[in-house]
Every structure is written in structure tokens, then in C-alpha cells.
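All remarks here apply to the structure that follows.
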2 protein chains.
Amino acid sequence: MPKLGMEPIRKAALVKATIVEIGRAGSLDVTVSQIAKRAGMSSALAHHYFGSKEDIFLAAMRHILSLYGAEVRGALAASACNPEARLQAIVRASFTPGNFRREAIGAWLNFYVLAQTVPEARRLLSVYQRRLRSNLLACLRPLVGTRADAVAAGLGALIDGVYLREALKEGPPDSASAVATVMEFVASETGKRN
Amino acid sequence: MPKLGMEPIRKAALVKATIVEIGRAGSLDVTVSQIAKRAGMSSALAHHYFGSKEDIFLAAMRHILSLYGAEVRGALAASACNPEARLQAIVRASFTPGNFRREAIGAWLNFYVLAQTVPEARRLLSVYQRRLRSNLLACLRPLVGTRADAVAAGLGALIDGVYLREALKEGPPDSASAVATVMEFVASETGKRN
DNA sequence: TTTTTTATTGATCCGTCAATCAACAAAAAG
DNA sequence: CTTTTTGTTGATTGACGGATCAATAAAAAA
């Protein structure tokens, strides 16, 4: 008994299921059938709404990236105006429980891999990186002046690296210690120590 | 015309070919046939020497990790005794042209992914991480005392993060700028800035 | 009411790939 | 020599998975 206007609902369910499945499998070796099953439909329907498996992956990636973007935007809007506070808001947003659940981290790591092969994935990733970088620069310039460029590069890489480690370690990811590790770097670079 | 004592030669060729192919493909989606072809033999022979595809991957991973280990050992042996010099030696070794070519970086990234699925891969990776961490700690304790733990965590993550970025960026990897990014962090943490 | 559009699936096609096997060749061992 | 061990491959098997299609059903449009 087909209800109408299913397309957005089905697509959303597939995107969600894709992220979960990738996180579970710890790799992109996930079949369309698995994804469709988790989303409660047949694999044929998944192919109907998205043209191909790659399209499903890209949609999932867009979703994760846009979630992260929204998180950062929200944190910045709610933060005070001084650079230190805004910097901390960005870092916190990067490690919010939302995109810091095991499944999200796993998906993110695997999307990095996807970006090596699929140009569109690489494009999406570079958009995110540019935005992060520009946000960081805006906060860093008042704090470290001409060194802002170098510090932003280090900070960006550090955030990614902490992600990586959390994705691989045995126990559950620890948001607080991730933030602490990054903020330690910030404190040291902005000369806010002893 | 079979020469004798082929086993180690064939195995080495397969390991090398595996790393190249993974680097080229930018993923673990590499067929045994591709690997065998690049190594100049049939896929059946690859299965003859290694039991399975997974065994080939693990051998390749061991090879990369042992190369890196040797690089670090060599750099430490050749370095002066003061902590700063040893720290720099470790960082330099991490970004040596040898394990910093595109193919090696790509392979490394994909081995991270493999570690999510294959326990033995995870074990190998954690051995490397522990060794790196202990080397870093030995250098850092005289420099930053009780903060050594936190700084080592940051440094390790930063090195991984820089790897990640180099694996994804457009042009050829830039060893010098990678070292500079990491050493910037070190300098700032050890208070060696004006 | 007829027609078209949307939703949905089971069955199927076609390609790929890891793994196995039978067979052959040459060196070493006996 | 003949037997065993080592090296090597082409062909084959068996499973899996992405994509397609025909068929069905219901809502909306005509």
C-alpha cells in the first residue's frame, strides 16, 4: 500500500543506514542489500532512489559533513565574541557527541578513503577543510598574528589525527580527552600557559 | 625454468607490489591478480606462497611498519644525545622520503582502515603506536616534565593527522612542510619560542 | 472510469574475484 | 635413473554483489 511522498523519507533512511553499516563494518565493504535491509526496504528500491551505490555513499558523506557544518555554525553563533572562546567553540563542535559516536567516526574515516578514489568525495572533503581552515584563521589572527597560517595548518591536522586515534582505539571514544588534547595545543600556541 | 630458493624473492616482490597497488588504487579494493601481475607472476602463485589475500595485506603492513621502525632506530642512533635533537630525529624519520611517497602514505591510510576489521592488523598498529609513544616520552620528559604524557598524545595524533592530509592533498607530498608543521608544535610546547 | 504516476519487490543477469586443482617442468635427493 | 621436492600456470569453481527488469499495487490526474 504505497503512501505518496516517500522519496525524501526513503532517502533519509538509506543515508542513516549507510552510516550505521559503514561504522559497523569498519569499511566501505558494505553491500547495498545490507544498507537497504537496515533501512527497511529492498535493494531494488535503494537503486531506484539513488542511481548507484556510489551515489548512496556520497549522499551519506554530504549528510555527515552538513551535520558537522551545522554544529560549528551553531557553536559559533552561541559563543562570545572573543577569539579564544570562538576557537574553543570550534574544537568542541568538532568533538560533539553527535559526530563523535563510533559509527560517525568510522564513517568519517572511511570517507577519507573514499576521497582518494572518487573525485566528488574529494571535493566535498576539501570544501569542509577550507571552511574549517577559514574559521580557524579568523580566530587565530588576533591571537598569533602572522603565525596564524602555520598554526591553523597544525590545528587542522591535529583535529584529524585525534579523530583517527579515537576511531581506532579499543574502548569507547572519549570526547573530553580529545578536546583536552587539542586545547592543550591551542593554549601552548597562544602563549596562555604559565 | 624454475630456479630454486624463489620463495623469499617472490614474497618480497608481492609485498612491494601490494603496497604500490594499494597506493595507486587508493583503497584496499585491489585484486590478487593485479598484485600478482605487477609482481610478475600468476595469481595462483601468490596464493601458493601466501595462504590468502589477507595474509598478503598483513605481510605488506608488517613490511611498512618495520621499514618505519628501522628508520626511527637509525635516526636515533645517528642523533646527538640531547632530547631536542632526538625529538627532531623521530619527527624527521616519520616523514622520510622512503615512507612518505604517495604510495606509502596511501598504503598506510588504508592499513588504518584494515585495522578496524582485522585484529592482527590492529595489533601491529598498536605495537607501532606504543613504540612511537615510548620514544616520544623519553625525549619529552626532560623537556616538559609532567606534561610529557599529554604532549606525547598530541604529537602522535599530529603526526598521524599530517599523514592524513598529505594522503589527500592534490599535489605531491611535501616532506619539508610536514616536518615544519610538527616541529612548530614541538617548539611551542617546549617553550622554545621568543 | 481510464490513465498515468509513484511505490515496491522478487527474480535474474552479468561480471568479478578469491581460492582450488590438475598438470607440467626442472632441480635435488636417493 | 627414478623419486621427491620445489616452482609455476591456465583453467575452473563457487560465491557474491551491483544493477536491471518485469510485475504488482495504489494513489492521483484526466
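Naming: A, B, ... by sequence-line order, numbering from 1 per chain.
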How many Å lie between [atom1] on [X] and [atom2] on [N], as a whole number?
{"X": "B:L4", "N": "D:dT4", "atom1": "CG", "atom2": "P", "value": "18 Å"}
{"X": "A:I56", "N": "D:dA19", "atom1": "CD1", "atom2": "C1'", "value": "11 Å"}
{"X": "A:E54", "N": "D:dA19", "atom1": "CD", "atom2": "C1'", "value": "14 Å"}
{"X": "B:M6", "N": "D:dT9", "atom1": "CE", "atom2": "C1'", "value": "16 Å"}
{"X": "A:E7", "N": "C:dA7", "atom1": "CD", "atom2": "P", "value": "6 Å"}
{"X": "A:I9", "N": "C:dA7", "atom1": "CD1", "atom2": "P", "value": "9 Å"}
{"X": "B:K53", "N": "C:dA18", "atom1": "NZ", "atom2": "P", "value": "4 Å"}

Given A:L124 and A:Y128, is the side chain to side chain contact (heavy atoms under 4.5 Å, CB included) satisfied, shown in steps?
CA-CA 7 Å; A:L124 289 173; A:Y128 137 75; over 6 Å; no

Could you check whether B:K16 pairs with B:E21 (Lys NZ or Arg NE/NH1/NH2 to Asp/Glu carboxylate O, under 4.0 Å)?
no

Does anything in residues 22-43 of chain A come within less than 4.0 Å of DNA chain C? Heavy atoms only, and list the residues if so.
A:M41, A:S42

Can you list, by residue number, the residues of residues 44-52 of chain A that have a non-hydrogen atom closer than 4.0 angstrom to DNA chain C?
A:A44, A:L45, A:H48, A:Y49

Specify whether A:W108 and A:Y163 have parallel, tilted or perpendicular ring planes, treating 30° as the upper limit for parallel and 60° as the lower limit for perpendicular.
tilted

Return yes if some donor-acceptor pair links the side-chain N/O of A:S175 with the main-chain N/O of A:P97 below 3.5 Å, else return no.
no

Would you confirm whether A:R133, through its side chain, and A:A152, through its main-chain N or O, come within 3.5 Å as a donor-acceptor pair?
no

Value rounded to 0.5 Å, distance of [atom1] in [X] from [atom2] in [Y]:
{"X": "B:I22", "Y": "B:I64", "atom1": "CD1", "atom2": "CD1", "value": "8.0 Å"}
{"X": "B:R123", "Y": "B:L125", "atom1": "CZ", "atom2": "CG", "value": "11.0 Å"}
{"X": "B:L164", "Y": "A:L109", "atom1": "CG", "atom2": "CG", "value": "7.5 Å"}

Give a yes/no answer on whether the side chain of A:R10 brings an N or O atom under 4.0 Å of OP1 or OP2 in C:dT6.
no

Please check if the number of heavy atoms outside A:R38 that lie under 6.0 Å from its CZ is greater than 12.
yes

